[in-house]
Amino acid sequence: MEKTMEKQGTAVHEQTKLLVMTGLFIALGYVATTVLMVPSPTGGYMNLGDTVVLLGAYLLGPVYGAVAGGVGPALADLLGGYGIYVPATLVIKALMGVTAALLYRALQKKDWALLACGVAAEAIMVVGYCLFDGFLAGNLAAGLAGIPSNLMQAAFGLAASTLLALVLKKSGYVRKQFPNL
């Protein structure tokens, strides 16, 4: 009975730690998204948030990574005056997180997989905002105008998250604390 209680205590501790880390990644996603907001031609903006979306996916796994990846940037839209983008950002960034995390797991957490997973997730972002901007404007051509700025954002998010994840993977402490990495 004592071992059962010890296991339950460990499980509660791990769940609490995961919830706290998810909250932290929501805050980091918000900050990374708002610290540099460069307006794009379609009415949205380029930002650094994809770095945190992808890194959160690798560290937290598909469910918590998707929550953190979607909520942080969506809050940035809401509080930054881009309220029309909140639903799209929530869905697109959550899909980025779940895709990156599941694909990373499926590719057995290999170093090279970080790049492949990031490319897949960023493709979701580029296509998602293209479609949403086209929907807002009433024609797809308007959505296509945002592709270059979204590709720039994707390239930075991909490069930064991959480099950070590779550095973090070298730490035994980080791997122990974040077994999804």
Side-chain angles (χ1 to χ4, degrees), residues 22 25-26 28-107 109-110 112-165 180:
T22 302
F25 269 88
I26 288 170
L28 286 171
Y30 169 81
V31 170
T33 303
T34 59
V35 72
L36 180 66
M37 294 174 123
V38 179
S40 73
T42 59
Y45 59 95
M46 292 183 294
N47 61 77
L48 308 175
D50 286 4
T51 301
V52 177
V53 171
L54 292 173
L55 197 57
Y58 303 139
L59 293 170
L60 301 173
V63 174
Y64 294 98
V67 169
V71 173
L75 280 173
D77 283 350
L78 181 66
L79 300 175
Y82 293 90
I84 192 74
Y85 281 91
V86 170
T89 295
L90 184 63
V91 171
I92 291 167
K93 301 296 181 167
L95 283 174
M96 286 175 65
V98 76
T99 299
L102 288 174
L103 190 55
Y104 184 60
R105 188 180 290 170
L107 296 174
K109 304 177 189 176
K110 304 286 186 194
W112 61 266
L114 293 165
L115 191 60
C117 299
V119 167
E122 292 294 0
I124 291 169
M125 186 271 292
V126 172
V127 171
Y129 283 118
C130 175
L131 294 175
F132 188 72
D133 286 336
F135 169 75
L136 288 178
N139 68 51
L140 188 56
L144 295 173
I147 288 178
S149 60
N150 283 328
L151 285 173
M152 285 177 35
Q153 177 176 309
F156 180 82
L158 174 63
S161 65
T162 300
L163 291 174
L164 286 169
N180 291 304

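From a predicted model like this one, the values you see are computed outputs, not experimental measurements. Residues take their numbers from the sequence shown, with the count starting at 1.
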**Student:** Return the minimal non-hydrogen interatomic distance between Q153 and M46, and the atom names on each side.
**Tutor:**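 Nearest heavy atoms, Q153 then M46: OE1-CA, 3.1 Å.
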**Student:** Quick one: closest heavy-atom pair of A113 and L107, and the distance?
**Tutor:**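 Minimum heavy-atom contact is CB-CB, 3.6 Å.
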**Student:** Which donor-acceptor pairs under 3.5 Å do side chains of residues 83-90 form with protein atoms, sequence neighbours excluded?
**Tutor:**
from, atom 1, to, atom 2, distance (Å)
Y85, OH, D133, OD1, 2.5
T89, OG1, D77, OD2, 2.4
T89, OG1, Y85, O, 3.1
T89, OG1, Y129, OH, 2.6

**Student:** Please test L158 against V119 for side-chain contact (heavy atoms from CB on, under 4.5 Å), starting from the C-alpha separation and ending with a verdict.
**Tutor:** CA-CA 7 Å; L158 174 63; V119 167; 3.7 Å; yes
**Student:** Using every non-hydrogen atom in the two residues, find where G97 and V53 come nearest and quote the distance to one decimal.
**Tutor:**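 The answer is N-CG1, 4.2 Å.
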**Student:** Test of understanding: with side chain to side chain contact (heavy atoms under 4.5 Å, CB included), list the residues that count as partners of F156, not counting sequence neighbours.
**Tutor:**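 Listed in chain order: L48, T51, A160.
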**Student:** Looking only at heavy atoms, which two atoms of L103 and A120 are closest? And how far apart?
**Tutor:**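 Closest heavy-atom pair between L103 and A120: CD2-CB, 3.8 Å.
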**Student:** With a 4.5 Å limit on heavy-atom distance, are the side chains of T34 and N47 in contact?
**Tutor:**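 They are not in contact (no side-chain heavy atoms under 4.5 Å apart), so the answer is no.
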**Student:** Quick check for you: to the nearest 0.5 Å, what is the distance between K93 atom NZ and I124 atom CD1?
**Tutor:**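 Separation between the atoms: 11.0 Å.
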**Student:** Test L164 against every option in V52, L55, L54 by the side-chain contact (heavy atoms from CB on, under 4.5 Å) rule and name the one that passes.
**Tutor:**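 That would be L55; it is the only one of V52, L55, L54 passing the side-chain contact (heavy atoms from CB on, under 4.5 Å) with L164.
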**Student:** What pair of heavy atoms forms the shortest contact from K110 to Y104, and how long is it?
**Tutor:**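 Heavy-atom minimum between the residues: O-CE1, 3.6 Å.
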**Student:** Is a donor on one side and an acceptor on the other found under 3.5 Å between the side chain of T162 and the backbone of A159?
**Tutor:**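 Not a single qualifying donor-acceptor pair exists.
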**Student:** CG of L151 to CE of M125: how many Å apart, nearest 0.5 Å?
**Tutor:**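 Output value for this atom pair is 7.5 Å.
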**Student:** Counting only pairs under 3.5 Å, give me each side-chain donor-acceptor contact of residues 57-72, with atom names and distances, residues two or more places apart or in other chains.
**Tutor:**
from, atom 1, to, atom 2, distance (Å)
Y58, OH, L114, O, 3.1
Y58, OH, G118, N, 3.4
Y64, OH, Q15, NE2, 2.5

**Student:** Please find the pair of heavy atoms, one from A154 and one from V126, that lie closest to each other, and give the distance.
**Tutor:**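 Here A154 and V126 meet closest at CB-CG2, 4.3 Å.
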**Student:** Are side-chain heavy atoms of C130 and L144 found at a separation under 4.5 Å?
**Tutor:**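 Touching, per the 4.5 Å side-chain cut-off.
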